[in-house]
Amino acid sequence: DQQVKQNSPSLSVQEGRISILNCDYTNSMFDYFLWYKKYPAEGPTFLISISSIKDKNEDGRFTVFLNKSAKHLSLHIVPSQPGDSAVYFCAARNYGGSQGNLIFGKGTKLSVKP
Amino acid sequence: KAGVTQTPRYLIKTRGQQVTLSCSPISGHRSVSWYQQTPGQGLQFLFEYFSETQRNKGNFPGRFSGRQFSNSRSEMNVSTLELGDSALYLCASSPDLGQILGAFFGQGTRLTVV
């Protein structure tokens, strides 16, 4: 059973508007959550992370929100730019685990239209 | 600083054959993880190596194996290839075991099994 779910395979947003990408998880033992961005023919690149003891982390145009009671996190991109068009993966780590065994969602393809 | 290098970039093999993929981590990184990316399953963790030892293993059959050399370079091997093994195989290197934010991915090896 999938422990990390990204229920929207795709999202289309107008340039300058907010993009909200969602992720749900089932395992309450996850202690860290990360977002990765992936362009075609490239490996995923780390975007932003949040510890399970926090509810918000911000880095420039990117903010991640964590709602532990709902087992839900979201990535907000404001304002969205055409260069943000990529596949975004949500990932989680089990408490005490290592970087190697991250559990990924299936990804959401974001298209930002000029 | 050179990034994570994976070779070859593309590979076509026939069912029943075996294949070896290579990953050279970022200089100084000692942990190497492997992931399989397929359209239906997203990124799935295969295994992680640190100090030439497998530290974590995902839920894959024994046909998937790997190793790490003393210079931290890693190889993964898939024997008796099946059509379902067609995927993008990604390698990630991180400075040390358990460093959640320090991992960088390579561009991947696209394996096609015919």
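Heavy-atom basis, side chains included; hydrogens, waters and symmetry copies ignored. Chain letters run A, B, ... following the sequence lines, proteins first and then strands; every chain starts at 1.
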Segment of B:L90 engaging chain A (4.5 angstrom heavy-atom cut-off): side chain
pair B:L88-A:K38: side-chain heavy atoms closer than 4.5 Å: yes
Same apolar cluster (I L V M F W Y, side chains within < 4.5 Å links), A:L75/A:I20: no
Contact origin within B:R9 toward chain A - heavy atom pairs under 4.5 Å: side chain
A:K109 atom NZ, over 12 foreign heavy atoms within 6.0 Å: no
Residue B:L83 excluded, over 12 heavy atoms near CG under 6.0 Å: yes
Interchain contact, B:L46 with chain A, by part (heavy-atom threshold 4.5 Å): neither
Shared hydrophobic cluster, A:F33 / A:F65 (ILVMFWY, side-chain heavy atoms < 4.5 Å): no
Nearest-0.5 Å distance that lies between atom CZ in B:F105 and atom CZ in A:F46: 11.5 Å
Residues, nucleotides or ligands: over 12 heavy atoms within 6.0 Å of A:R17 CZ: no
Considering all heavy atoms, the nearest A:L102-B:Y35 contact: N-OH, 3.2 Å
Option that, when pairs with chain B are counted at under 4.5 Å, heavy atom only, ranks first among A:A41, A:G107, A:S49: A:A41
Interface moiety of B:Q44 toward chain A, non-hydrogen atoms closer than 4.5 Å: neither
Joint cluster assignment, A:L11 & A:V64, ILVMFWY side-chain distance < 4.5 Å: yes
